[in-house]
Amino acid sequence: MDVHRCRFVPYQPSAINAVAFSHPKTRTAKQNAVARLAVGRANGDIEIWNPSSGTWLQELVIRGGKDRSVDGLVWVNEPDQDLGDGHVAIGKSRLFSIGYTSTVTEWDLEKGKPKRHASGQHGDIWCIAAQPQSDKPQVTGGFQEAQNSKKLIAGTIDGELVMYSLEDDDLRFQRVLVKSPTKKAQMVSITFQSRKVVIVGCSDSTIRAYDITRGHMLRRMTLGSDLLGGSKDIIVWSVKCLPNGNIVSGDSTGQICIWDGKTYTQAQRIQSHKSDVLSLATSADGTAIISGGMDRRTMLYKQNSGAGQRWSKVWGRRYHDHDVKAMASFEHGRISVVVSGGRIHLSPIHKARPTNMATGPDASLMVVPLKEMGRENHRMMSNLPQQPPVTSAPRARFIISWWEREVHVWVLRKSAADLLQSGEELVDINQNRKLLKTIVVKGDSNIASATINPEGTLLFVSTATDVKAFRLQHEDPAKPSDVKLSSLELPVRLSQLGATQVKLSPDGRWLLVVQEGSRVLMARIQTEHTSTETAEAPIRLQRLSRLRRQIPRYILNGGLGSYDRSITQITFSADSKMVAVADLAGYIDTWALRSHDQDLQTGDEMETLDDAASASSDNDSSDEEDEGASNMQDRWVRNPNAKLLPKLPSSPVVLSFSDYVPESESSLGAEKDGVDDYILAVVTSSWNVLAFNPRHGALTSWSRRHPRKALPGPIRDLLDLPKGILWQGSRMWVYGVSFLLMLDMGQDLPRVPEAEGGDSQLTQGTKRKRVGQTTGAGGKMERENLAPHQVRKHGADEQWEDIDVVKAPEVGDSDSDEDMVDADGELSKLRSTTISGKTALQSTGSTTVEAKKWWITYKYRPILGVVPIDTPGQDVEVALVERPTWDVETPERYFAGEEWDRAN
């Protein structure tokens, strides 16, 4: 396989401004809700992560838009309901955000778009907090407050404290609780001490306690003046409350302060950072405090058991490259972590305050152990999205990438073989690429998905509010002047709701559109009748009905309703006659293309019965045939054996049909033994590699012989999740952000030794060190309890050229001892090691070669995406797009005085 190693594709990661967990504390067995992490970024994107079992799957990205920013996130959880028989229905979870405006937004995670907005007559909101739940009703102000009464309390730039009501499943502005007469006290941070007392950190060296039922101030705590040479006022960037009611604050002097929650007096002050403390987090039991600051440090504090129970620093380290803006803790079962992220831009209050620091992007989410801090490694989650923002038009050799509201069309002029056989001593590989077009999509919403046909003539782009189509006319793509771009009109029904995903079939005749997360539309593209004069694309629509799934109410996804039925994976077969989709819950739906000259009796009867059963289940409504669909020459019907496909053990992360096309074109399910059928491969978040024969609704024989425990150890130990699949005959190439993996489904994998979970009759091999269970971050440290200055630091990666051409090993290729180790050996060279499984010898003519059953490399990283490039008569060719951190534009980071001296 020939690989074009590309680093010219633009993708600028956005900084993290806010993080929040839906259920940050451990719940009982009856309340075993699956928590979600919401991450807000500076470009307006909101990411939803699932930390279950420490896999950290990025499930959903709600795209932002022009001049949008998410600067605060808060979850509100309704009370759980006891359904009897030992079942508890998890209370509904609602997500709200702010963005340095006067508006509060509630998000609909099922549809992946805003649900409602609310605003009042007040200034821009800088901080927001949700009223905590109460175990029993409280009597306040002469009236009984309902147990499920919920309020949002927000602080503004003008020093106002405002209240929003969430009752009756609504969001509305209620009233202004407090007005500042001078507008000097800007409210920067906020937290609840109890249901009726809120603590606010201000920009005038004060922390204030307010009674929200009466709207008056209970106490005003002062911090004094800033340090010598600093500004006059101290800014309280973050406040938190411990379970015992005590208050913790972090401010612009680099100190954290502990305040008595009853007397509102300062109990202790700790100088822990060399610059501002921006974020705080606490453990669920209140025995640990974590702080993050502009000096890039993360500090851990513990309370002494002696007299006075004073707090002291016990651990500190620089996990981030820039200031630590947001932080949140999560404890559930064995998972005990703190997640944190950094910021890219200066907030208005930063711009008004003189300082010697400059901030830059720290767009990667950092997962740091909480209980085991100092004994376990941290884990950095890539800032690259789980769904790759790149695709290709293989026959035209186009690479399509998108970022925010721009689409870039690149061309690779020559194949890898032509470059390597050119005979020139010095080949300028930078001349092999060309930017053909940059398309700026109209509107304020960022691009969610894009797709192009293999010939590179028809491009579809979707946002949360619209779907747009473009025609590219070209004869010689190597000349940008020969590429003409024009927009096409689409039916209102196709474009009005936008789309979370769009996908063109390999033959370019069908467009699959996923609207509002779970609504599936199939559009027939009649390109042969497209008029270039009217710029209209004749399109006929058909809505595809999904199977009804009987999901008990008590196991709905963590209080998020039908969110887990959101479709995340879509794929077409190589002949464009079958399509499959998969959702977060692990259900797979498949449809087949039928024409009028085929026997439709079985398919029609099946479809009628299924549609009648699909009345309404969760978000699966009864899908009736669209107008004109019955008159289509070809139509899509549900796969008769779709119900036989089992629910996946965890959420799918990649779904793909192999390039094999069955020869039989008889009615669906005609072959009984499953020999002649499509192969549908799926990899889940728990690293289960499964292959199905979808027309027969059964696992393939290879998949039955290879459960997860039969996979090689280095594959089972991968922490990063797959992002995509490419096919080379029976070989399945799987890639993630840090690895490229090959599994040959035409051969059986080497047997796993008993020490790794196999049976006693497996072949002998070196024992592999098993990766111990962690608390949700990295593995155990080699040397525990090291002081921060003793922790080994890794240098920057080597900076390579923008594009390179390399050769991935084919069958029979030998690998040097420097880059290869045995499959049963330890995985000791994570950065540059390549591992392969050894197979039986194959005879090719007079030469005996050694075929590979599996192969993995960590040479490429971080991988944004891998897309195929088609060169007739030559080997399989792909473009592997990397986005290394040194290619990201970053402002200068903060340096203390001695650090600046050492750097220079």
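Because the structure is a prediction, the values reported are computed rather than measured. In this chain, residues are counted from 1 in sequence order.
Between R695 atom CZ and N639 atom CG the span is 9.0 Å, to the nearest 0.5 Å. Remark: I62 CD1 to I48 CD1 distance equals 5.5 Å, nearest 0.5 Å. Q58 contributes atom CD, which lies 13.0 Å from atom OG of S651 (distance to the nearest 0.5 angstrom). Annotation: the span from Q515 atom CD to S495 atom OG amounts to 9.0 Å, rounded to 0.5 Å. Separating the CZ atom in R471 from the CG atom in L488 is a distance of 5.5 Å, to the nearest 0.5 Å. Between atom CG of residue L109 and atom CD of residue E59 there is a gap of 9.5 Å, rounded to the nearest 0.5 Å.
No hydrogens or angles considered: a donor-acceptor pair under 3.5 Å links the side chains of S656 and W727. Looking at H696 and N641, their side chains never bring a donor and an acceptor atom within 3.5 Å of each other. Between the side chains of N432 and R413, no donor-acceptor pair is found at a separation under 3.5 Å. With 3.5 Å as the limit, one finds no donor-acceptor pair spanning the side chains of S566 and D583. Inspection of the S462 and D466 side chains reveals no N or O donor paired with an N or O acceptor under 3.5 Å. Side chains of Q728 and W733: a donor on one and an acceptor on the other come within 3.5 Å.
The two residues L458 and N453 come nearest to each other via the heavy atoms N-OD1, 3.0 Å. The two residues N688 and P649 come nearest to each other via the heavy atoms ND2-CG, 3.6 Å. Shown here for I869 and F398, the closest heavy-atom pair between the two residues is CD1-O, 4.1 Å. Across all their heavy atoms, T55 and L721 have their closest contact at O-CD1, 4.1 Å. Nearest heavy atoms, A691 versus S703: N-OG, 3.2 Å. When all heavy atoms are compared, the tightest approach of A879 to I399 is CB-CD1, 3.6 Å.
In this structure a side-chain-to-backbone donor-acceptor pair under 3.5 Å is missing from D744 to M732. Looking at W403, its side chain never comes within 3.5 Å of a backbone N or O of P13 through a donor-acceptor pair. Within the 3.5 Å criterion, the main-chain N or O of L544 finds no donor-acceptor partner in the side chain of R638. Distance alone, capped at 3.5 Å, is enough to place a donor-acceptor pair between the R397 side chain and the K414 backbone. The backbone N or O of Q501 lies less than 3.5 Å from no partner atom in the side chain of S449, so there is not a single donor-acceptor pair. Put simply, the side chain of S392 gets close to the backbone of P868: a donor and an acceptor are under 3.5 Å apart. Q569 places a side-chain N or O within 3.5 Å of a backbone atom of V653 that can act as its donor or acceptor partner. Formation of a donor-acceptor pair under 3.5 Å by the R594 side chain with backbone atoms of W636 is not found in this model. A donor-acceptor pair under 3.5 Å is absent between the side-chain atoms of E406 and the main chain of S401, judged by distance alone. Panel note: side chain K723, backbone L864; a donor-acceptor pair is recorded below 3.5 Å.
At a threshold of 4.5 Å between non-hydrogen side-chain atoms, the residues V881 and R7 do not count as touching. Side chains of N50 and R36 form a contact here, defined as non-hydrogen atoms less than 4.5 Å apart. For the pair L680/L655, a side-chain contact is recorded, criterion being any heavy-atom separation below 4.5 Å from C-beta on. Taking 4.5 Å as the limit, every side-chain heavy atom of W591 sits out of range of all side-chain heavy atoms of M522. Side chains of V579 and I570 form no contact here, defined as non-hydrogen atoms less than 4.5 Å apart. With contacts defined as side-chain heavy-atom distances shorter than 4.5 Å, the pair I439/F470 qualifies. For the pair W49 and L57, the minimum side-chain heavy-atom distance is 4.5 Å or more. Between E663 and D676 the shortest side-chain heavy-atom distance falls below 4.5 Å.
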For side-chain contact (heavy atoms from CB on, under 4.5 Å), just list the numbers for L741 and Y735, CA-CA rounded to whole Å, side-chain angles, deciding distance to a tenth of an Å, and then say yes or no. CA-CA 6 Å; L741 162 69; Y735 69 89; over 6 Å; no
What verdict does the side-chain contact (heavy atoms from CB on, under 4.5 Å) test give for V513 and L494, after you've listed the backbone C-alpha separation in whole Å, the side-chain angles of each residue and the deciding distance to 0.1 Å? CA-CA 8 Å; V513 177; L494 177 62; 3.6 Å; yes
Can N43 and E404 be said to form a side-chain contact (heavy atoms from CB on, under 4.5 Å), step by step? CA-CA 8 Å; N43 64 351; E404 293 192 349; 3.6 Å; yes
Step by step, work out the side-chain contact (heavy atoms from CB on, under 4.5 Å) result for D575 and Y678. CA-CA 10 Å; D575 61 356; Y678 297 99; 2.6 Å; yes
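A side chain to side chain contact (heavy atoms under 4.5 Å, CB included) with I679 holds for exactly one of S658, P662, S730; it is S658. A side chain to side chain donor-acceptor pair (under 3.5 Å) with R405 is found for exactly one of D444, T463, N446, namely N446.
Within 6.0 Å of NZ in K111 there are 12 or fewer heavy atoms belonging to other residues, nucleotides or ligands. When the shell of 6.0 Å around NZ of K66 is examined, it contains 12 or fewer heavy atoms from other residues, nucleotides or ligands. Counted within 6.0 Å of NZ on K503, heavy atoms from surrounding residues, nucleotides or ligands total 12 or fewer; the atom is thus considered open.
Every residue meeting the side chain to side chain contact (heavy atoms under 4.5 Å, CB included) condition with K115, not counting sequence neighbours, appears here in chain and number order: K92, E106, D108, D169. When the ring-ring contact (aromatic ring centres under 6.0 Å, His included) test is applied to W687, the partners found at least two apart in sequence or on another chain are F739.
Taking the charged nitrogens against the carboxylate oxygens, D589 and R549 do have a contact shorter than 4.0 Å, which makes a salt bridge.
The aromatic ring centroids of H408 and Y11 lie 6.0 Å or more from each other. When ring centroids are compared, W410 and F8 come within the 6.0 Å threshold.
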